[in-house]
Protein chains: 2
Amino acid sequence: MNVETALQRLKEKGYKRTKQRERIVEIFVQQDQYIAAKDILKTIQEDFPGVSYDTIYRNLYLLTEEEILETTELGGEKHFRLGCETHGHHHHFICTTCGKTKPIEFCPMNSINENLKGYDVENHKFEIYGKCPQCH
Amino acid sequence: MNVETALQRLKEKGYKRTKQRERIVEIFVQQDQYIAAKDILKTIQEDFPGVSYDTIYRNLYLLTEEEILETTELGGEKHFRLGCETHGHHHHFICTTCGKTKPIEFCPMNSINENLKGYDVENHKFEIYGKCPQCH
DNA sequence: TCAAAAAATAATAATGATTACGATTTAAAT
DNA sequence: ATTTAAATCGTAATCATTATTATTTTTTGA
């Protein structure tokens with residue numbers, strides 16, 4: 001996913017193209033890893049000193065809603081990353097030091113033969129945490 | 001796991017037996033589900049009106065540290081439940097309405113044949129979210 | 001091009017979970 | 001019974017997240 005594709009998708013839904021929004025998407029395209037809201041804020045303030053958390057969160061949630069970003073909880077705070085649609089549905093190894101990820105193609109839901117009759121499955125999470133080769 | 005076993009295990013580590021701690025463990029033994037810190041506080045205040053969050057969190061973390069409780073993040077807040085050691089290592093279906101869980105014996109790590117050479121795996125999470133039969 | 005309308009932003013305040021701290025109390029060991 | 005470390009209470013501080021209101025910016029289309 002590149003910046004233009006993402007913004008194009010937003011435009012189709014009637015969302016406007018703003019410099020801040022553009023920059024946020026750009027950051028995610030550049031950094032292929034999970035990033036916390038506060039780090040997005042820090043980075044974007046280099047270009048737009050005035051941005052507020054309101055702008056950050058509003059856009060992060062919008063981008064997640066539009067399936068441009070994926071989100072997960074790391075160490076008590078939400079982290080976001082560009083959704084990598086090339087692989088279709090998949091999971092991640094997540095480095096607990098740098099936040100970089102490695103796609104895991106295997107999905108445990110395909111292997112579930114537990115009896116979940118009567119249970120309404122809405123969602124699932126499978127994540128492996130540890131140190132990537134660089135941080136190891 | 002019952003209350004005595006849990007407190008005994010703490011005693012062996014030199015931790016004291018207090019009425020508050022005892023009551024906290026008791027709540028988890030009685031309720032077989034994930035509970036948020038604030039709900040533990042509310043319940044325990046029926047018996048000990050003065051308890052503070054400090055006491056709650058200190059004990060929740062201690063009990064988790066000692067592997068008496070398990071923890072997960074639900075809707076932005078930490079939830080705790082009694083670790084059910086009867087099943088050995090396992091995962092959970094978690095009801096997003098009431099917090100009750102159903103053990104899932106299957107562990108995806110046993111089925112991982114992705115190449116994680118060079119990656120130091122520390123931990124993993126596999127959780128299925130949805131509605132249990134009662135909340136459905 | 002220009003004006004209007006909708007959307008987005010900035011600045012700031014509020015909320016809610018979690019953590020921290022100093023004074024006091026309590027458990028348990030001698 | 002005394003001592004001492006651990007635990008608690010009461011309260012304040014912190015930190016992520018959400019909300020609010022006034023202002024600014026995009027976009028659209030006359």
Side-chain angles (χ1 to χ4, degrees), chain A residues 3-4 6-27 34-66 68-69 71-80 99, chain B residues 3-4 6-27 34-66 68-69 71-80 99:
Chain A
V3 179
E4 288 311 317
L7 291 172
Q8 181 57 35
R9 198 189 291 184
L10 290 182
K11 184 171 187 173
E12 281 159 14
K13 293 291 199 76
Y15 298 107
K16 295 177 176 172
R17 179 180 187 125
T18 65
K19 297 184 293 296
Q20 295 87 338
R21 184 166 287 164
E22 194 174 320
R23 185 73 186 98
I24 289 174
V25 173
E26 209 173 72
I27 291 167
Y34 275 109
I35 314 175
K38 63 164 180 280
D39 294 321
I40 293 293
L41 181 74
K42 207 184 302 172
T43 304
I44 207 172
Q45 278 184 334
E46 294 167 9
D47 299 299
F48 306 94
V51 283
S52 68
Y53 266 117
D54 181 87
T55 299
I56 301 298
Y57 279 107
R58 193 166 15 77
N59 279 297
L60 291 180
Y61 290 153
L62 172 66
L63 291 166
T64 304
E65 186 72 25
E66 295 302 320
I68 291 164
L69 297 184
T71 179
T72 193
E73 193 97 19
L74 290 174
E77 46 186 318
K78 297 191 180 78
H79 284 62
F80 300 81
Chain B
V3 179
E4 288 312 315
L7 291 172
Q8 181 57 35
R9 199 188 291 184
L10 291 182
K11 184 173 186 172
E12 281 158 14
K13 292 292 197 73
Y15 298 108
K16 295 177 179 174
R17 179 180 187 128
T18 66
K19 296 183 295 294
Q20 295 88 338
R21 183 166 288 164
E22 193 175 321
R23 184 74 187 97
I24 289 175
V25 174
E26 209 172 71
I27 291 168
Y34 274 108
I35 314 175
K38 64 163 180 279
D39 294 320
I40 292 294
L41 182 74
K42 207 184 302 173
T43 304
I44 207 173
Q45 279 183 334
E46 294 167 9
D47 297 300
F48 306 94
V51 283
S52 69
Y53 267 118
D54 182 87
T55 299
I56 300 298
Y57 280 107
R58 193 165 16 76
N59 279 296
L60 291 180
Y61 290 153
L62 171 65
L63 291 165
T64 303
E65 186 72 26
E66 294 303 321
I68 291 164
L69 298 183
T71 180
T72 193
E73 194 98 17
L74 291 174
E77 45 187 321
K78 296 191 179 79
H79 284 62
F80 301 82

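Lettering of chains follows the sequences in order, A, B, ..., and the numbering in each one begins at 1. Because the structure is predicted, anything quoted here is derived from the model rather than measured.
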Here the distance between atom P of dA17(C) and atom CD1 of I40(B), to the nearest Å, is 14 Å
With sequence neighbours left out, the residues meeting ring-ring contact (aromatic ring centres under 6.0 Å, His included) with Y53(A) are Y57(A)
Grab the CG-C1' distance between L74(B) and dA17(C) for me, whole Å please.
-> 14 Å
Roughly how many Å is it from OH in Y15(A) to C1' in dT25(D), rounded to a whole number?
-> 18 Å
With sequence neighbours excluded, tell me which residues meet side chain to side chain contact (heavy atoms under 4.5 Å, CB included) with E4(B).
-> N2(B), R17(B)
Contact letters for nucleotides 17-22 of chain D, in which S counts primed atoms plus P, OP1 and OP2 and B counts the base, heavy atoms under 4.0 Å = BBBB--
In whole angstrom, give the distance that lies between atom CG of L63(A) and atom P of dA8(C).
-> 11 Å
So which of residues 16-27 of chain A are in contact with DNA chain D, with a heavy-atom cut-off of under 4.0 Å?
-> K16(A), R17(A), K19(A)
Whole-Å distance separating the NZ atom of K11(B) from the P atom of dA7(D) = 14 Å
With sequence neighbours excluded, what pairs up with K38(A) under the side-chain hydrogen bond (donor to acceptor under 3.5 Å, both in side chains) test?
-> E77(A)
Please figure out whether L62(A) or G50(A) has its closest DNA chain C nucleotide nearer the 5' end.
-> L62(A)
Looking at V51(A), I44(A), L41(A), which one forms a side-chain contact (heavy atoms from CB on, under 4.5 Å) with I24(A)?
-> I44(A)
With R58(B) via salt bridge (charged side-chain N to carboxylate O under 4.0 Å, His left out) - residues at least two apart = D54(B)
Please report the C-alpha distance between E26(A) and R23(A) in whole Å, then the side-chain angles of each, then the deciding distance to 0.1 Å, and finally whether the salt bridge (Lys or Arg N to Asp or Glu O under 4.0 Å) criterion is met.
-> CA-CA 5 Å; E26(A) 209 173 72; R23(A) 185 73 186 98; 2.9 Å; yes
Figure out the CZ/P separation between R58(B) and dG10(D), and round it to whole Å.
-> 13 Å
Nearest-0.5 Å distance that lies between atom CG in L62(A) and atom CG in L69(A) = 9.0 Å
dA8(C) phosphate, OP1 or OP2: any side-chain N/O from T55(A) under 4.0 angstrom?
-> no
Check the distance between dT12(C)'s P and I56(A)'s CD1 and give it to me in whole angstrom.
-> 17 Å
Kindly determine whether K13(A) and E66(A) satisfy salt bridge (Lys or Arg N to Asp or Glu O under 4.0 Å), including the steps that lead there.
-> CA-CA 9 Å; K13(A) 293 291 199 76; E66(A) 295 302 320; 2.7 Å; yes
Over all heavy atoms of both residues, which pair between T55(A) and N59(A) is shortest? Give the atoms and the distance, please.
-> O-ND2, 2.9 Å
Can you check the E12(A) CD to dA7(C) P distance for me, whole Å?
-> 17 Å
